[in-house]
Protein chains: 2
Amino acid sequence: MNIEDIARASGVSRSTVSRVINDDPNVSTKTRDRVLEVVKRLNYHPHAAARSLAAGRTRVLGLVIPMGVAALFSDPYFPLLIQGVSAACNARDHSIMLWLADPEYERRTIRQILHGSFIDGVILASQLNDDPIGHALIEGNLPFIHIGRHPTNDTLHYVDVDNLAGAQEAVMHLLRLGRRRIATITGPQNMIAGFDRLAGYEAALRQRGLLVEPELIADGEFSEAGGYVAMRRLLPHHPDAVFTASDMMALGALRAIREIGLRIPDEIALVGFDDMPFAANTTPPLTTIRQPVARTGAIAAETLIDLVAHPQQPPRRILLPTELVIRQSCGALASPSAD
Amino acid sequence: MNIEDIARASGVSRSTVSRVINDDPNVSTKTRDRVLEVVKRLNYHPHAAARSLAAGRTRVLGLVIPMGVAALFSDPYFPLLIQGVSAACNARDHSIMLWLADPEYERRTIRQILHGSFIDGVILASQLNDDPIGHALIEGNLPFIHIGRHPTNDTLHYVDVDNLAGAQEAVMHLLRLGRRRIATITGPQNMIAGFDRLAGYEAALRQRGLLVEPELIADGEFSEAGGYVAMRRLLPHHPDAVFTASDMMALGALRAIREIGLRIPDEIALVGFDDMPFAANTTPPLTTIRQPVARTGAIAAETLIDLVAHPQQPPRRILLPTELVIRQSCGALASPSAD
DNA sequence: AGATCGCCTGGGAGCGCTCCCAAAGCCTGG
DNA sequence: CCAGGCTTTGGGAGCGCTCCCAGGCGATCT
């Protein structure tokens, strides 16, 4: 069944049916209603490929997740992000094409994406600075938006959370609680989130006139195992608090602390970043910086759809605010209470 | 740039270029090489929509994840599954269209999927029995395959892991270690994985002539929080071991056990299911049943692509084997050792 | 040497839609 | 009552590809 059938069945022309389907205002209410009735009755759905071919738009957004950081993909971050992107696409009659850019296939994937006319635009969920896919996109002529700000190129569109401010708030919170030997477990410094969160840590210390001591900084690679290893390296330096740049790493830190038997928060306070679903259920519950992951995805999708419709806009640089979520691990709450 | 340009540039006809692109054998080696050289030099990529329209195939698979179980989506299970599907699609020159079927949009989504001609087939990653999307697919005429066996309808294609055998092995392992009061924390019984894993638990007990005691069974809803609650309900009945039907729930059980101060595995042994990435890093490391999640996704994709090419096949019912991974939490290892 | 066959190649038709232009219908004002 | 404008409608062309059929050409057989 095609548009011609609908035209015949409702006694109008192909063009009119097309107008109705595409919400063109130049159709009389009477005609529109008649056509819509037929469309519904015959359960007609326009053929996506034909539509794309004729219109030059696919109503599909590409979501590209480079797997250079494959290990991280089992992080709940991505499902949340995808949920946000998906919701925004649903609401605006778009679909998502998902590409996990396996390094091995990366070159092929890039070309396929750029030249295959599959999609109208790309959301690049790269956490890595200077990702080759990012470069390829700059050279292509497909609209695209980054999840995560670009460290140097400020002509690009992006959506990110304010990692620096969030990290700074976390550390300020620990400082307000009287902690003075605050360590940090960082993410990889070639990921902008890792970089910015360390910058936030340093900013907070400086703001209080404290020194940034290198032995209180350890890289935890944004993973549980990395957090554990990093914490074990930090413990000999006797920090009285730790800010971990992700909840996942906080989990590892928690494990290391538990192993040597220090009490949290009395002997060592802990603040994470992300507010992942599990953060409320650790022992003790984790104080952390909440970031709106799903919303980040949704805004990226919406912005991109807008960019497809109106290209050549000045760069959109969107920073979403974070929020400090106080639970037991930081020691701010007098007695352990239900969350 | 289109196929005509390539034809002109390589001195052959449109048809010949099409043959080369589609690996049609009826082209002389000389011509093929010449055309391929031009394709590469001009960086030509066929227009996906035009191709789909003319050929009636899109080379796109739909991956549908119903969000009736939204909470579960932050489980690392889905990223792993998606990774498998993605790898198989990459290898076979297909793409993935992802639909998170939000209950609110479900009806619209179904129709869009079934009639939009977006995709050649559907992978339905529903964990729920009698999912409405499942019903809609049966009525449609698009090839589809389930992730997870269907409890009653055995005319459907599916890929699943052998949940029953896996669970049975887990409980048999505990029995072999001398445990006799073995409890279980189950998944929801309207999910086939939850159902089968409970069946495996029961099968193991019966095999040893032991009674299945209802007070040793509690539903943990496949979540950490649910596992915690379930464990607290089980503890008063003094089990000497617990089989949790997922690692996520094992995490919750672990937390509940730690709170009341029982020693694992001495006083209570614990075996999970999934072998999620975090299972090796719990305290103590979790003995669990490894299931090949990514492989499940890959096989689903491959089977579906085959089904698209050759429809009307007898139902493919594929069960993948699981594997017992012994760590410290079950007490089988004499002394805590590195994993 | 001519007929036959198989291998390659070329071009027409058409997939189902959108976009553009032309024209029909309707209303308003003089 | 007619001109002029706006609203609404119809049909042609074309998006870039695949598929089918026809035909050219060289090799093989008689």
Side-chain angles (χ1 to χ4, degrees), chain A residues 1-36 38-39 42-60 93-95 112 114-120 308-309, chain B residues 1-36 38-39 42-60 93-95 112 114-120 308-309:
Chain A
M1 184 182 31
N2 60 28
I3 199 172
E4 207 82 53
D5 297 322
I6 303 302
R8 218 171 304 121
S10 43
V12 297
S13 74
R14 201 168 18 101
S15 304
T16 301
V17 176
S18 174
R19 285 187 194 98
V20 171
I21 294 172
N22 291 289
D23 281 328
D24 186 314
N26 297 324
V27 184
S28 72
T29 317
K30 214 178 105 191
T31 309
R32 157 165 290 121
D33 290 347
R34 185 150 37 101
V35 172
L36 283 177
V38 173
V39 164
L42 300 187
N43 194 23
Y44 164 73
H45 290 260
H47 190 286
R51 234 179 165 181
S52 304
L53 179 57
R57 294 184 311 136
T58 60
R59 293 157 187 270
V60 176
D93 194 23
H94 278 242
S95 304
Q112 200 180 344
L114 287 178
H115 305 285
S117 317
F118 280 99
I119 50 179
D120 291 342
V308 170
Chain B
M1 185 182 31
N2 60 27
I3 199 172
E4 208 81 53
D5 297 322
I6 304 302
R8 218 171 302 123
S10 44
V12 297
S13 73
R14 204 169 14 103
S15 304
T16 300
V17 176
S18 174
R19 285 188 194 96
V20 171
I21 292 172
N22 292 290
D23 281 327
D24 185 314
N26 296 325
V27 185
S28 72
T29 316
K30 214 178 105 193
T31 309
R32 157 164 291 121
D33 290 348
R34 186 150 37 101
V35 172
L36 284 177
V38 173
V39 164
L42 300 187
N43 193 23
Y44 164 73
H45 291 259
H47 190 285
R51 240 182 159 177
S52 304
L53 179 58
R57 296 183 310 136
T58 60
R59 294 158 187 270
V60 176
D93 194 23
H94 278 241
S95 304
Q112 199 180 345
L114 287 178
H115 305 285
S117 315
F118 281 99
I119 51 179
D120 292 342
V308 170

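From a predicted model like this one, the values you see are computed outputs, not experimental measurements. Just so it is clear: chains get the letters A, B, ... in the order the sequence lines come, proteins before strands, and each one is counted from 1. No hydrogens, no waters, no symmetry mates; every other heavy atom, side chains included, goes into these values.
Residues satisfying the side chain to side chain donor-acceptor pair (under 3.5 Å) criterion with A:Ser10, sequence neighbours excluded, are absent altogether. A search for side-chain contact (heavy atoms from CB on, under 4.5 Å) contacts involving A:Ser95 returns A:Val60, B:Met97, B:Trp99, B:Gln112, B:Phe118, not counting sequence neighbours.
Less than 4.0 Å separates DNA chain D from at least one heavy atom of each of the following residues of residues 19-29 of chain A: A:Arg19, A:Asn26, A:Val27, A:Ser28. For the segment residues 4-17 of chain A, residues with any heavy atom less than 4.0 angstrom from an atom of DNA chain C are, sorted by number, A:Arg14, A:Ser15.
Nearest-nucleotide assignment on DNA chain C puts the 5′-proximal partner with B:Arg32, out of B:Arg32 and A:Ala54.
In this structure, B:Asp24 contributes its side chain and B:Asn26 its backbone to a donor-acceptor pair below 3.5 Å. Side chain of A:Arg32 to backbone of A:Asp23: no donor-acceptor contact under 3.5 angstrom is found.
For residues 8-22 of chain B, the salt bridge (charged side-chain N to carboxylate O under 4.0 Å, His left out) pairs, not counting sequence neighbours, are B:Glu4-B:Arg14, B:Asp5-B:Arg8.
If you check every strand for non-hydrogen atoms under 4.0 Å, A:Thr31 touches sugar and phosphate atoms only.
The CG atom of A:Leu36 sits 10.5 Å away from atom OG1 of A:Thr31, with the distance rounded to the nearest 0.5 Å.
A 4.5 Å side-chain heavy-atom check between A:Ile3 and A:His47 finds every atom pair outside the cut-off. Inter-residue side-chain proximity for B:Val39 and B:Val20 is flagged as unmet; no heavy-atom pair is nearer than 4.5 Å.
Here the closest heavy-atom approach between residue A:Pro46 and residue A:Arg51 is recorded as CG-NH1, 3.6 Å. When all heavy atoms are compared, the tightest approach of B:Met1 to B:Ile6 is SD-CD1, 4.0 Å.
When DNA chain D is scanned 5' to 3' for any atom under 4.0 Å from a heavy atom of chain A, the first and last hits are D:dT8 to D:dG16.
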